[in-house]
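Everything on this sheet refers to the single structure shown next.
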2 protein chains.
Amino acid sequence: MARSCNFDRQEKLILAMELFWQKGFAETSISDLVGHLGINRFSLYNSFGDKQKLYRECLSFYLDNYSFGASDTLLHEKAGLVEIEAYLARFVALQREQKYGCFMQNAVLEKSLDDESVLQECQRLFCRLQTSFTQVLQDCQARGELLVNVQPHQVAAFLVLQLQGIRVLGKAGEYELLDNAFAVLQGYLGTLNTKV
Amino acid sequence: MARSCNFDRQEKLILAMELFWQKGFAETSISDLVGHLGINRFSLYNSFGDKQKLYRECLSFYLDNYSFGASDTLLHEKAGLVEIEAYLARFVALQREQKYGCFMQNAVLEKSLDDESVLQECQRLFCRLQTSFTQVLQDCQARGELLVNVQPHQVAAFLVLQLQGIRVLGKAGEYELLDNAFAVLQGYLGTLNTKV
DNA sequence: ATCATTCTTGACTGATCGTTTAGATATGGC
DNA sequence: GCCATATCTAAACGATCAGTCAAGAATGAT
């Protein structure tokens with residue numbers, strides 16, 4: 001056989017993702033990547049194909065490993081309105097830490113128009129988010145915790161929209177606006193609860 | 001004196017804005033601009049300074065002339081919850097037409113991190129939006145149309161967040177998600193009304 | 001009509017872009 | 001140890017990038 005690769009591919013993929021996440025596709029040059037990843041130019045091409053392919057792979061990795069990270073609260077069986085509210089609260093708080101915003105959202109705004117596959121990947125996340133929220137809300141309703149006239153899939157869509165809005169205001173550093181908006185959102189979620 | 005400029009500066013500024021709006025800062029080259037504006041490379045530099053300056057001027061022009069375009073409904077004196085709802089409905093509908101999203105939002109996500117003045121311009125719009133909504137809601141409350149326990153500036157912040165979320169989902173082509181989310185938003189606005 | 005001034009033009013700068021090539025180096029099976 | 005194979009390295013590719021320059025063309029006051 002032959003010589004084996006002397007770096008960890010996934011480790012380098014994560015480094016590339018970080019760079020694209022921070023700087024976007026266009027503003028990240030191959031030279032930037034070479035420097036940040038610490039591997040040779042050709043090795044980068046050999047391992048990941050061209051810039052587009054690497055970007056797409058980074059996006060996929062982000063979607064599978066970073067995007068819905070705070071969702072443990074939502075996925076356990078007995079999750080309800082309280083958990084949704086806690087999830088959103090943590091998501092709002094997260095904006096003060098993640099200065100670079102959301103890689104997926106950055107990708108939608110920068111590249112969805114000229115790269116169909118990027119758009120599809122992002123839509124896949126929206127679908128996944130809506131499905132998760134819908135599931136939790138349906139369970140709530142089954143347990144009698146959620147008003148019967150509420151449509152789970154509609155509220156789920158509404159929550160997905162909230163996440164996107166929060167991300168934008170977070171990237172813009174509009175933390176006070178965020179806190180005020182979240183107070184209203186909290187109030188709304190309260191009105192859905194049968195127990196109050 | 002001397003020779004006068006043989007093109008309309010503002011007309012060319014609008015053309016530049018369109019291009020930056022569609023393609024973003026990084027993906028728009030000076031050559032692209034030269035082609036789209038139909039003026040010479042040097043004339044462009046002579047009239048608008050460098051690429052950064054031109055971009056910033058385009059952003060300012062957008063903020064002053066395009067961003068709050070559908071706001072006529074909100075600015076007249078007797079505007080209330082019905083007008084806010086109508087404004088949001090039109091804003092949702094607008095997403096199916098404006099494929100390139102919001103120039104300001106694109107700017108926030110692409111350039112706010114490495115250009116402080118871009119960030120400030122965008123924050124200026126957020127402030128303006130919140131102020132307008134707050135004014136309308138305060139007037140509502142004064143007329144007894146809005147529940148007294150509602151905080152106008154908080155709901156205004158909430159509405160600004162909705163606009164941003166709508167824009168993101170619009171750019172992602174998530175029209176069904178948008179419609180479902182809007183239905184919920186509509187329902188929420190209804191609960192604020194004293195008349196119902 | 002003259003002339004200073006300003007705009008227009010197209011070629012040009014050095015730098016950087018994404019990508020590729022050829023040759024040196026290391027690996028694993030025999 | 002040897003060979004086949006794959007990876008690594010440095011240099012280079014043509015193209016394009018943002019920005020500039022010198023020379024010609026048009027203007028308006030005199």
Side-chain angles (χ1 to χ4, degrees), chain A residues 1-60 106-107 110-111 113-118, chain B residues 1-60 106-107 110-111 113-118:
Chain A
M1 288 295 289
R3 184 175 176 175
S4 60
C5 190
N6 66 352
F7 59 85
D8 180 33
R9 192 178 184 282
Q10 179 164 308
E11 173 194 321
K12 299 302 180 185
L13 182 65
I14 292 174
L15 288 172
M17 183 197 69
E18 287 173 359
L19 212 57
F20 278 133
W21 190 350
Q22 291 171 29
K23 307 181 52 162
F25 177 82
E27 284 292 338
T28 302
S29 70
I30 299 292
S31 296
D32 290 337
L33 288 162
V34 166
H36 192 67
L37 271 61
I39 61 176
N40 184 270
R41 212 176 182 74
F42 182 83
S43 298
L44 195 151
Y45 276 90
N46 195 39
S47 289
F48 300 103
D50 63 14
K51 195 181 172 187
Q52 292 269 356
K53 277 185 192 153
L54 174 56
Y55 182 78
R56 281 196 283 259
E57 192 170 348
C58 288
L59 179 60
S60 290
N106 296 348
E110 184 182 2
K111 293 219 49 87
L113 289 175
D114 55 53
D115 190 331
E116 182 72 21
S117 65
V118 165
Chain B
M1 289 296 288
R3 182 174 178 177
S4 60
C5 190
N6 65 355
F7 59 85
D8 181 32
R9 192 178 183 281
Q10 178 164 312
E11 172 194 322
K12 299 302 179 184
L13 182 65
I14 292 174
L15 288 172
M17 183 198 69
E18 288 173 358
L19 210 56
F20 279 132
W21 189 350
Q22 292 170 28
K23 306 181 56 164
F25 177 83
E27 284 291 342
T28 302
S29 71
I30 299 291
S31 295
D32 289 338
L33 288 162
V34 167
H36 191 67
L37 270 61
I39 61 175
N40 184 269
R41 205 179 187 77
F42 185 83
S43 298
L44 194 151
Y45 277 91
N46 194 38
S47 289
F48 300 104
D50 63 14
K51 195 182 172 187
Q52 292 269 357
K53 277 185 192 153
L54 175 56
Y55 182 79
R56 281 197 282 261
E57 192 171 349
C58 288
L59 180 59
S60 290
N106 296 348
E110 183 182 3
K111 297 227 37 97
L113 289 175
D114 55 52
D115 191 331
E116 181 72 20
S117 65
V118 165

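We name chains A, B, ... by the order of the sequence lines, and we start the count at 1 in each one.
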Inset, instruction - Could you check whether A:Thr28 gets within reach of a base, just the sugar-phosphate, or nothing at all, counting any heavy atom under 4.0 Å? - result: sugar-phosphate
Legend entry - First encountered from the 5' end of DNA chain D, between B:Gln52 and B:Ser4: B:Gln52
Inset, instruction - Enter the distance from A:Asp50:CG to A:Ile30:CD1 here, rounded to the nearest 0.5 Å. - result: 8.0 Å
Inset, instruction - Check the distance between C:dG18's P and A:Tyr55's OH and give it to me in whole angstrom. - result: 14 Å
Inset, instruction - Would you indicate which nucleotide in C:dC17, C:dG18, D:dA18 comes nearest to any side-chain atom of A:Ile30? - result: C:dG18
Inset, instruction - Can you figure out which of D:dA10, D:dT7, C:dG18 approaches the side chain of A:Phe42 most closely? - result: D:dA10
Legend entry - Pi-cation contact, B:Phe25 with B:Lys51 (under 6.0 Å, within 45°): yes
Inset, instruction - Go through the N and O atoms of the side chain of B:Arg41 and the base of D:dA18, and report whether any donor-acceptor pair is under 3.5 Å. - result: yes
Inset, instruction - For B:Ser47 and for A:Ser31, locate the closest nucleotide of DNA chain C by heavy-atom distance; then report the residue assigned to the nucleotide nearer the 5' terminus. - result: B:Ser47
Inset, instruction - For B:Lys23 and B:Thr28, indicate whether the former's side chain and the latter's backbone hold a donor-acceptor pair under 3.5 Å. - result: no
Inset, instruction - Indicate, with a heavy-atom threshold strictly under 4.0 Å, whether A:Asn40 touches base, sugar-phosphate, or nothing. - result: base
Inset, instruction - Rounded to the nearest angstrom, tell me the gap between atom CZ in B:Phe7 and atom C1' in C:dC7. - result: 9 Å
Legend entry - Among D:dT7, C:dT8, C:dT19, the nucleotide that comes nearest once only the side chain of A:Asn46 is considered: D:dT7
Inset, instruction - Would you tell me if any nitrogen or oxygen in the side chain of A:Ser29 comes within less than 4.0 Å of OP1 or OP2 on C:dC17? - result: yes
Inset, instruction - Could you verify whether a donor N or O on one side chain and an acceptor N or O on the other, from A:Ser29 and A:Asp32, lie under 3.5 Å apart? - result: yes
Inset, instruction - Please state whether the phosphate of D:dC8, meaning OP1 or OP2, lies under 4.0 angstrom from any side-chain nitrogen or oxygen of A:Ser43. - result: yes
